[in-house]
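Here the structure is a predicted model, which means the values were calculated and not measured. A note on names: the letters A, B, ... follow the listed sequences, proteins ahead of strands, and every chain is numbered from 1.
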Amino acid sequence: MSHELNDQELVRREKLQKLNELGIDAYPAAAFEVNCNSAQILAEYNDEEKNFQTVSIAGRIMSINSKGKVTFFKIQDEKGKIQLFVSIDNVCPNEDKTFYTSVVTHLLDIGDFIGVKGEVFITKTGETSIRVKEMTVLSKALRPLPVVKVKDGETFDAFSDVELRSRQRYVDLVVNPHVRETFLKRTKLIQTIRNFLNEHGAIEVDTPVLQSIPGGAAARPFVTHHNALDIPLYLRIANELYLKRLIVGGFDFVYEFSRNFRNEGMDRTHNPEFTVLEFYVAYKDYFWMMDYTEQMMEKIAIALHGTTDVPLGDKIISFKAPFKRVAIYDAIKEITDFDVSEMNEEQLRDVCKQLRIETDATMGKGKLIDEIFGGKCEGNFVQPTFIIDYPVELSPLTKKHRSKAGLVERFELFINGKEIANAYSELNDPLDQRARFEEQTKLMERGDDEAMFIDHDFLRALEYGMPPTSGIGIGIDRLVMMLTNQSTIQEVLLFPQMRPENPE
RNA sequence: GAUUCCGUAGCUCAGCUGGUAGAGCAAUACACUUUUAAUGUAUGGGUCAUGGGUUCGAUUCCCAUCGGGAUCACCA
């Protein structure tokens with residue numbers, strides 16, 4: 001990709017040339033030994049003890065403020081920023097002052113990486129700084145970085161264009177500390193979950209991303225083709241059926257952070273590829289899973305915020321366990337005043353009409369209930385709430401309710417009106433599972449393009465016997481959104497999907 | 001997919017009812033040995049997203065295309 005160079009880019013290339021002429025390699029091969037970082041110095045420097053007198057530190061130049069024979073730089077390393085004090089006499093102790101008058105004052109730019117050695121001190125204005133004795137060019141930047149300035153907490157000229165920020169996340173991360181914070185929190189969230197699961201004996205596994213039957217969920221898959229086998233393959237929409245096969249195989253507690261792919265619309269809460277944590281635990285039911293999920297959520301909130309009260313927009317979300325548990329029929333009754341628990345398909349259609357919910361002929365009883373709940377109810381559950389006991393039609397992989405006819409042992413966790421997790425007492429009766437798949441086939445014939453495919457190998461596995469098991473899928477991207485106070489998914493994905501840029 | 005708004009310098013933005021563009025930061029040059037949104041003086045930088053149309057003349061009005069945001073629909 002080439003583009004016409006603007007004036008600033010031309011100047012930087014000339015500077016690179018001049019560095020070369022001075023015998024300075026702007027992209028040296030040798031490692032630069034670092035012995036501390038900016039945050040350490042700022043936190044631990046003691047002006048009386050005079051520690052940090054032989055620091056070696058590296059980073060990117062974020063500002064240059066030349067005052068003649070003295071120049072101040074701010075460099076940024078992974079932990080933050082620190083000021084450098086570079087004076088002509090410190091950096092050029094001998095007769096030859098070329099390094100200062102050419103390199104320091106003319107050939108370095110905002111964005112360049114440098115390494116410095118020197119001693120820490122406090123300037124007249126009270127800023128902890130490094131008095132530089134040696135300076136090494138580590139990498140010359142050929143494009144100008146956006147310059148964001150901050151004073152008294154107010155930000156000037158913020159790099160804020162969403163498209164630029166998403167396409168050039170590397171720039172976004174360099175100049176926007178809050179963006180970096182968000183992604184560090186994402187990592188911490190995933191680590192917290194992984195530790196939590198591992199502490200309880202869970203085994204992390206990898207299952208196929210390329211599947212010949214895209215199962216475990218209802219969604220349109222991406223299709224690809226395998227040349228050697230000459231068969232279509234699908235990018236997974238879920239990994240559920242594979243994890244259950246592992247339960248059959250005798251792993252009693254398995255989990256996977258699964259990148260799933262769905263060929264559907266994109267908006268502020270949907271990206272074509274997204275991350276779901278699924279885990280399955282043998283000999284447990286959905287009640288156990290609710291308890292476990294609460295504990296996990298509470299732990300995550302504390303890990304990221306130090307407290308269970310987490311700000312989200314103008315609300316505070318309390319992740320303090322236990323969470324409220326509401327049966328879906330009770331939720332619908334409470335909010336819409338309709339008792340749909342005994343209704344048939346026709347009556348449900350009538351309710352939808354009264355609630356002004358659009359329906360079509362392909363929708364069965366379960367789907368209609370789902371539409372009512374999704375359209376009128378789910379937005380009401382701002383504080384973490386388990387919605388439980390769904391109609392069987394909606395849940396082809398879920399065990400029938402132990403006491404309530406027509407329902408299954410399923411819950412979804414809602415936070416801020418959004419579905420965060422979906423969990424079941426897993427269906428392990430192979431005959432029932434076969435019947436449910438056949439129901440799905442009927443729905444498919446009726447025109448429901450979200451109905452599930454039959455996976456015969458999965459049925460075979462169940463026929464060998466799967467212990468009673470509870471499993472859950474948790475939308476990690478959305479959970480990160482909740483815990484980092486972000487309203488769009490692209491703010492929690494390092495590289496959200498975008499249309500390709502026009503070739504130049 | 002539908003509706004709507006947006007696209008001007010490296011970044012953030014002005015540009016009223018049509019007369020080929022401005023600011024701050026960044027950049028260049030000079031001055032300044034403790035600055036901190038440093039300061040002062042001077043200077044350069046733009047096919048106004050792209051392609052058509054209307055017009056004597058379009059950054060401005062109209063149409064199309066490309067890219068993005070928001071809202072809605074579907075999905076997690």
Between the base of B:G44 and the side chain of A:D7, is there any donor-acceptor pair under 3.5 Å?
yes
Round to a whole Å and report the spacing from CZ of A:R167 to C1' of B:G7.
13 Å
note: A:N65, atom CG; B:U34, atom P; distance rounded to Å ~ 11 Å
For A:F121 and for A:I110, find the nucleotide of RNA chain B with the closest heavy atom, then tell me which residue's nucleotide is more 5'.
A:I110
Can you tell which of B:G10, B:A73, B:U34 lies closest to the side chain of A:K67?
B:U34
A:T123 (side chain) and B:U35 (base): donor-acceptor pair under 3.5 Å:
yes
Are any of the side-chain heavy atoms of A:F85 and A:F72 separated by less than 4.5 Å?
yes
When you get a sec, tell me which of B:G68, B:U12, B:A26 is the closest nucleotide to the side chain of A:Q8?
B:A26
Nearest whole Å is fine: how far is B:U35 P from A:K81 NZ?
20 Å
Touch check for A:K418, heavy atoms < 4.0 angstrom, all strands: base, sugar-phosphate only, or nothing?
nothing
Calculate the interatomic distance between A:I61 atom CD1 and B:G10 atom P; express it in whole Å.
22 Å
Once you apply a heavy-atom cut-off of 4.0 Å, does A:F159 come out as touching a base, just sugar-phosphate, or nothing?
sugar-phosphate
Measure CG/A:D161 against C1'/B:A9 and give the value in whole Å, please.
15 Å
With heavy atoms under 4.0 Å as the rule, sort A:A219 into base, sugar-phosphate or nothing.
nothing
For RNA chain B, what residues of residues 234-243 of chain A have any heavy atom nearer than 4.0 Å?
none
Between B:U12, B:A38, B:U33, which nucleotide has the shortest distance from any of its atoms to the side chain of A:K69?
B:U33
Around A:K50, counting heavy atoms of other residues, nucleotides and ligands shown, do more than 12 lie under 6.0 Å from its NZ?
yes
N/O-N/O pairs, protein side and nucleotides 21-24 of chain B side, under 3.5 Å:
| unit_1 | atom_1 | unit_2 | atom_2 | d |
| --- | --- | --- | --- | --- |
| B:G24 | N2 | A:D157 | OD1 | 3.2 |
| B:G24 | N2 | A:D157 | OD2 | 3.2 |

Of the nucleotides B:A26, B:U28, B:U34, which has the atom closest to the A:F85 side chain?
B:U34
